[in-house]
2 protein chains.
Amino acid sequence: MKLNDRKLKILQAIIHSYITSAEPVGSRAISKKYELGVSPATIRNEMADLEELGFLTQPYTSAGRIPSDKAYRLYVNGLLQRERKIMKEKEGMKKLLAQEIGEIEKLLQNSAKILSKITNYTSLAIAPQVKESKLKHIQLVPVDETKILVVIVTESGLVKNAILRVDNNLTTNHLNRISNFLNSKLKGHNIANLRNEIEDNLIKEMYKFKNTIDSIIPLVNQTLDSHKGDSLYSEGVTNIFDFPEYSDIEKAKAFLSFIENRDSVLDMLINTGFNDIEIRIGEENNYEEIKDCSLITATYRFNGKTIGKIGVIGPTRMEYSKVISVVRSLALVLSEIADGDKYKIYLK
Amino acid sequence: MKLNDRKLKILQAIIHSYITSAEPVGSRAISKKYELGVSPATIRNEMADLEELGFLTQPYTSAGRIPSDKAYRLYVNGLLQRERKIMKEKEGMKKLLAQEIGEIEKLLQNSAKILSKITNYTSLAIAPQVKESKLKHIQLVPVDETKILVVIVTESGLVKNAILRVDNNLTTNHLNRISNFLNSKLKGHNIANLRNEIEDNLIKEMYKFKNTIDSIIPLVNQTLDSHKGDSLYSEGVTNIFDFPEYSDIEKAKAFLSFIENRDSVLDMLINTGFNDIEIRIGEENNYEEIKDCSLITATYRFNGKTIGKIGVIGPTRMEYSKVISVVRSLALVLSEIADGDKYKIYLK
DNA sequence: ATTAGCACTCTATCTTAATGAGTGCTAACA
DNA sequence: TGTTAGCACTCATTAAGATAGAGTGCTAAT
C-alpha cells in the first residue's frame with residue numbers, strides 16, 4: 001500500500017488536530033475542520049489504511065485515531081527538510097539574554113527560562129563539560145593561613161573554584177609564582193589530561209613547591225567531577241501539568257521524578273547525538289520513564305566546537321514546528337554569544 | 001471549658017493517628033489503638049469538646065475528626081519544650097557531609113539531599129546572603145586581553161565570580177597590585193557597603209587605575225544581586241506525591257509551582273524568623289499557595305552569627321517530632337562545619 | 001461521670017442505564 | 001473503480017439510583 005498524497009494530507013491533519021486538542025481524532029472532525037474535499041467515509045477508509053501502515057493507533061475499538069511515534073517522525077522529517085526561516089524571535093532572544101552579565105552558567109539558566117516560557121514545555125540546558133574543555137587560566141588565590149583557592153577558567157568560558165588546604169603558609173608572592181608557572185605549562189591543554197602533563201614536566205622545575213603542586217591536580221580533578229551535576233539547568237517542569245496526558249498523577253510523578261534526578265537527565269542529554277538538532281520521539285528515547293515524551297535538543301558551539309546543549313521535553317504530541325525553530329534559534333544565539341566576536345553583547 | 005489531661009491525651013492520639021494515616025480519625029479507632037481506658041462514647045464526647053475548642057475539624061457531619069492548625073501548634077510546642085536529645089543521626093550526617101570537598105554551595109546542596117532523604121519531605125536550603133557577608137579576599141585574575149575575572153571570597157565561605165571587560169590591557173602585575181590594594185582597603189568590610197568605601201578612599205590613591213577600579217564595584221554589586229537566586233537549594237520536591245492530600249493534581253501543581261519559583265521561596269525563607277528553629281503551620285504561612293503546608297526551618301551559624309537556613313516543607317500532617325530533630329541536628333552539624341575549627345572535616 | 005444502644009447522616013462504592021462519538025461494512029452511485 | 005450515504009455496532013463516559021458502612025449525637029441506664 002502506498003502513502004499517497006491524500007493519505008499524507010489526512011495524516012497531517014490528524015497530527016495537527018491531535019497536537020492542539022489531545023483528543024483522539026475522528027473522521028467527521030477532520031472532514032469538517034480541514035478542507036480536503038472528501039467525505040468522512042472516505043477519510044475513514046484512508047484512516048484504516050494509515051492504521052494498517054502503523055501511522056495511527058486506536059485507544060479502543062470505536063474511538064478516534066491517535067498518531068503513532070512513526071507518524072510524528074514522518075511529520076518531523078518533513079519539517080526538517082523545509083528550509084527553516086530565521087526566526088524573528090532570535091533578535092528578541094538576544095536582547096533578553098544580552099541583559100545578562102556574568103558567566104556562562106547564568107546565561108544558560110536564562111536560556112532555559114526563556115525556552116520554557118516561549119514553548120510552554122519543560123526546558124533543559126547543559127553547560128560545557130569542563131573535562132572536555134581546555135584550560136585558559138589557572139590562578140591560586142590566598143584565602144587565609146591554611147586555605148588557598150584555585151580558580152580555573154576554561155576556553156569555553158567556564159569558571160570553577162576549588163578550595164585547597166595547605167600546611168605550609170604560602171605568601172601571595174609564592175602563589176603568584178606558582179600560578180604563573182602552572183599557566184605557562186598548562187594553558188591550552190585539555191583538562192582531562194592535566195595529571196599526565198604535570199607529572200612529566202612540573203615537579204622537577206618547581207621542586208620547592210612540589211607538595212602544593214602535587215595536591216592541586218587531584219583536587220582540581222575531584223572538583224570538576226563533583227561539579228558535573230551543576231551543569232544542568234531545567235525550567236518549567238510544572239508546565240507538564242498543563243497537558244491532559246499528565247492529568248494522571250502517576251504519570252506526572254514519573255515525569256517529574258525523572259527530571260528531578262539530575263544525573264540521569266544529564267546522561268540523557270550527553271548521550272543524544274551532537275547533530276545540529278536532535279529529535280527523540282516517544283519510544284526512540286532510551287529512558288523508560290519518558291517513553292511517551294519527545295525530546296528536542298540543539299547544540300551550541302564555540303569556535304565551531306560543540307560545547308553544550310539546550311532542549312525541550314514534552315509529550316509526543318508536541319508542537320514540533322514551533323519548538324524546533326525556537327530551540328534551533330536559541331542555540332544559534334548562544335553560539336554567537338559564546339563566540340568571541342559577539343561576547344561584548346552580554347558583557348555590556 | 002478546660003483542656004484537661006484526658007482531652008490532651010485524646011488529641012495527641014488523634015494527631016498521631018492522622019499523621020500516619022491521613023484519614024479522618026473516629027472515636028472507635030482511638031479507643032482501640034490507644035490505651036486510654038475509656039469507651040468510644042466517652043471519646044466522642046471529648047472530641048465534640050475539642051472541636052468546640054477549635055482543635056479538631058470535621059470534613060462533613062458524620063466523618064471522623066481532623067486536627068486543626070491549632071492542634072498541631074499545641075502538639076509542636078509540647079515537642080519543643082521537651083529537651084531534645086542530641087540525635088544519633090548527627091554523627092551519620094557529619095560523615096555523609098564530610099565526604100564533600102569544595103565550597104559551601106556544594107555542602108548545602110548535599111544537606112538538602114540528606115534532609116529530603118531522611119524525612120521524605122521536600123527540603124530547602126539557603127546559602128549565606130552574600131550581601132550581608134564581610135569580604136575576606138578579593139582578587140583580579142587576567143583571563144585574556146579584554147577580560148578580567150573578579151573573585152570574591154567572603155568570611156562566610158562563599159566564593160563568587162564576576163567577569164569584567166576592560167579596554168586597556170592590564171598585565172598580571174597590574175592586576176596583582178590592584179588586588180593587593182583592594183584587599184588592604186576592603187578586607188573585613190561589609191559587602192553591601194563596598195561602594196561607599198571605595199569612593200571615599202581609593203580613587204585618589206590609585207589614580208592610574210581609576211577606570212578599572214571604578215567599574216569593579218558596580219559590577220560586583222550587580223553580580224552579587226544576580227547570584228541571589230542561586231543560593232536556594234531544594235530536593236525531594238516529588239516526595240509530595242507520596243501524600244494522599246496531594247493526589248488532587250491541582251494541589252500538587254500548586255505546590256510544585258510554588259517551589260519551582262525560586263524567588264518566592266527565597267523570600268519566604270528569609271522572612272521567617274531567625275530563631276534556632278522556626279515552625280509555620282498551615283495558615284500561619286504567609287503564602288497562599290502553601291496554606292495547607294507546614295514549614296520547619298533551622299538556622300545555621302558561623303561564629304555565632306546567623307548565616308543561612310535549612311528546612312523542610314510538607315503537609316500540615318507532618319511528622320513534627322522527627323523532622324524537628326533532624327532539621328535541628330543538621331543545622332548544628334552545618335554550623336560546626338562552617339566554623340573554622342571543624343573545617344578540616346570536610347576538606348580532607 | 002461514664003457507657004451502651006440506636007437512629008441518623010453522609011460519603012464512597014457499586015450497578016445499571018443512557019448517551020454519544022466513532023467505526024466498519026454494505027450497497028448505491030458517478 | 002473510487003467515493004459516499006446509511007446504518008448497525010462498539011465501547012468509553014456520564015448520570016442516576018441503590019447499598020453499605022463508618023461515624024456521629026443523643027438518650028437512657030449504670
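What's counted below: heavy atoms across the whole structure, side chains too, no hydrogens, waters or symmetry copies. Each chain gets a letter, A, B and so on, in the order the sequences are listed, and its residues count up from 1.
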Practice prompt. Would you mind checking if E235(B) and R262(A) are paired as a salt bridge, meaning a charged N to carboxylate O distance below 4.0 Å?
Written response: yes
Item to complete: Round to a whole Å and report the spacing from CZ of R44(A) to P of dG22(C).
Response: 11 Å
Worksheet item: When the ring planes of F243(A) and Y121(A) are compared, do they come out parallel, tilted or perpendicular, using 30° and 60° as the limits?
Response: parallel
Discussion item. Without decimals, in angstroms, what is the distance between R6(A) CZ and dG2(D) P?
Written reply: 10 Å
Worksheet item: Any idea which heavy atoms bring S123(B) and A112(B) closest together, and the distance?
Response: OG-O, 2.6 Å
Worksheet, complete the sentence: Sequence neighbours excluded, the answer for ring pair (Phe, Tyr, Trp, His ring centres under 6.0 Å) partners of Y18(A) is none
Worksheet item: Closer to the 5' end of DNA chain C via nearest nucleotide, is it A48(A) or A41(B)?
Response: A41(B)
Worksheet item: Quick one: E46(B) CD to dT24(D) C1', roughly how many Å, whole number?
Response: 15 Å
Worksheet item: Would you say a side-chain N or O of R28(B) is under 4.0 Å from OP1 or OP2 of dT3(C)?
Response: no
Fill in: Side-chain donor-acceptor contact under 3.5 Å, H16(A) with Y34(A)
yes
Item to complete: Whole angstrom is fine here: how far is it from CE in M47(A) over to C1' in dA21(C)?
Response: 12 Å
Fill in: Spacing between N45(B) atom CG and dT24(D) atom C1', to the nearest angstrom
11 Å
Worksheet item: Is any side-chain N or O of T42(B) closer than 4.0 Å to OP1 or OP2 of dT3(C)?
Response: yes
Worksheet item: Tell me, which of residues 50-66 of chain A have any heavy atom that sits under 4.0 Å from an atom in DNA chain D?
Response: Y60(A), T61(A), S62(A)
Item to complete: To the nearest Å, give me how far apart NZ (K32(B)) and P (dT3(C)) are.
Response: 17 Å
Worksheet item: Which listed nucleotide (dA4(C), dT4(D), dT23(C)) is nearest to the side chain of S39(B)?
Response: dA4(C)
Worksheet item: Counting only N and O atoms by type, is there a donor-acceptor contact under 3.5 Å from the side chain of D248(B) to the main-chain atoms of E250(B)?
Response: yes
Item to complete: Run through K309(B), E278(B), R280(B) and flag the one making a side chain to side chain donor-acceptor pair (under 3.5 Å) with T272(B).
Response: K309(B)
Fill in: Nearest-Å distance for atom pair CD1/P, residues I43(A) and dT23(C)
10 Å
Item to complete: Return the value, rounded to whole Å, for the distance between atom CG of D49(A) and atom P of dT3(D).
Response: 11 Å
